[in-house]
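From a predicted model like this one, the values you see are computed outputs, not experimental measurements. Proteins get letters first, then strands, A, B, ... in listed order; numbering begins at 1 in each. Keep in mind that the numbers below use all heavy atoms, side chains included, and drop hydrogens, waters and symmetry copies.
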2 protein chains.
Amino acid sequence: MRSVLRALDLLALFDDTHRSRTVRELIDESGLAKSTVVRLVATLEQRGLLWSRGDGRLTAGAGLLRWAALAQDAWRLPPEAQACLREVSERSGGESSRIYVQQGTFRVCVAQHEGTQPLRHVVRVGEEMPLWAGASGHVLLTGADGRQLRRVAAAAGRGEAFEEELAARVRRAAERGWAVSHGEREDGVSAIAAPVTDEDGRVVAAVGLGGPTSRFTDERVERFAPLLADAGRALSRLRFIGGR
Amino acid sequence: MRSVLRALDLLALFDDTHRSRTVRELIDESGLAKSTVVRLVATLEQRGLLWSRGDGRLTAGAGLLRWAALAQDAWRLPPEAQACLREVSERSGGESSRIYVQQGTFRVCVAQHEGTQPLRHVVRVGEEMPLWAGASGHVLLTGADGRQLRRVAAAAGRGEAFEEELAARVRRAAERGWAVSHGEREDGVSAIAAPVTDEDGRVVAAVGLGGPTSRFTDERVERFAPLLADAGRALSRLRFIGGR
């Protein structure tokens, strides 16, 4: 599977700030041998995930359009869920609300209702973030077993003591039904999150609010927590996570 | 690279009519060993290209949302190009117009303006079609060398005589600056296409019209051909194929 991971990691070098890349850049960024990169690029081009432009730069391939449609279909919120995200955002006074799901040792934002405050916190839908950091991560981990927790804690690269710290945070999130974090992933950014569950009660997503730490005082966190827990329960009833 | 191709081919088993799949289905459809499929699925899940739903079915992963955004950004038509597609469609009397690019031995529709006729021909943006069949394919192949032509002809699986037939069709498309096809890929469907070129005059895309063969009479083809050739020149001047 090593070549699969390498191929996907090459693709991951394309992002909003690097919409096109040269083969040279891919070699430098990946640290892979030129021959490996050239072969991986040829394979990805053949299947339409990369495209060679006339100017010699590579960009996202047209074959991705097909998967784009599938992913957007699977992850499109039903109108009731959109209304729920908007309501949480409005009742919080204009913070951004969003839904995260777990993906390996990461979490990914699958939907967002942007806040209305001039200073607001915005993430990109589809963006990967570490699972060990932030309120949504702790909520998503509440169903994890010891082995998974160890794997996620190891990904943080903060030594063995961090594993116990993370486990304690996750236990607390499970007990309260929500989690809060201040500046864990991004300085000056706070978040509060609650679980979205499937019919068997398993946590399949987290619904969260994010904004500047200056607005996430203890008093407001106390007010936001039941909002999020309610939203989590309402979203759970809709059973839309991962599509039909 | 074999495992990369296998991984991408597993992903390709997800489409509009199979938005979710079980591991069992993937094993049956791919013909791969269970252990191989399980490992490939785990790798694709880890990187967010697949997602395990609560009901045990796999669906498009949230990580694809990021690439969806990149691909749509790279392949989004500038307003002038959209207007050009719309105009071709309107001036043809309501056939569907679209743009194709080459992808390995396939062509992929990257944009479409749907016709207005009750009986209209519609393709999916992002859909792969064989490069050896259809007017757009012949136009896209006009820059191909002998080796590429042989590879594409071989993909048709129609024996060696087909290679010469295809080469003749491609030569004719290059000479006239447009191509026409009747029922090559789909019974009863005709198409006419012209090249879109980059600053060096290389063919980077084909702009085409498609509709029922009953409406693509010789007389109308004579009228459509200059429309398409004009559209191809107008689109070439915009230099948008593959993004900026």
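- Along residues 5-15 of chain A, the residues that come nearer than 4.5 angstrom to chain B, judged on non-hydrogen atoms, are A/Leu5, A/Ala7, A/Leu8, A/Asp9, A/Leu11, A/Ala12, A/Phe14, A/Asp15 in order of number.
- The pair B/Arg57-B/Glu25 meets the salt-bridge criterion, with a side-chain N (NZ, NE, NH1 or NH2) lying under 4.0 Å from an Asp/Glu carboxylate O.
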Check against side-chain hydrogen bond (donor to acceptor under 3.5 Å, both in side chains), A/Glu186 and A/His121:
CA-CA 10 Å; A/Glu186 244 181 289; A/His121 186 239; 2.8 Å; yes
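- Ionic pairing of B/Glu114 and B/Arg120 is present here: one or more N-O contacts between side-chain nitrogen and carboxylate oxygen are shorter than 4.0 angstrom.
- Ranked by heavy-atom pairs under 4.5 Å with chain A, the list B/Val204, B/Leu64, B/Asp73 is led by B/Asp73.
- The salt bridge (charged side-chain N to carboxylate O under 4.0 Å, His left out) analysis of residues 195-208 of chain A, with sequence neighbours excluded, yields the pairs A/Asp198-A/Arg202, A/Glu199-A/Arg239, A/Asp200-A/Arg202.
- For chain B, the nearby parts of A/Asp16 are the backbone and the side chain; heavy atoms of each come within less than 4.5 Å.
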Let me see the working for B/Tyr100 and B/Met129 under side-chain contact (heavy atoms from CB on, under 4.5 Å), right down to the final yes or no.
CA-CA 10 Å; B/Tyr100 290 94; B/Met129 299 172 193; 3.7 Å; yes
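- Looking only at heavy-atom pairs under 4.5 Å with chain A, the residue among B/Ala60, B/Gly104, B/Ser52 that has the most is B/Ala60.
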What pairs of donor and acceptor atoms, side-chain ones from residues 33-44 of chain B against any protein atom, are under 3.5 angstrom apart with sequence neighbours left out?
from    : atom 1 : to      : atom 2 : distance (Å)
B/Thr43 : OG1    : B/Arg39 : O      : 2.9

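- Residue contact with chain B, scored on non-hydrogen atoms closer than 4.5 Å, involves the backbone and the side chain of A/Val110 alike.
- Side-chain atoms of B/Gln72 and A/Gln72 include a donor-acceptor pair closer than 3.5 Å.
- For B/Trp51, the ring-ring contact (aromatic ring centres under 6.0 Å, His included) partners at least two apart in sequence or on another chain are A/Trp75.
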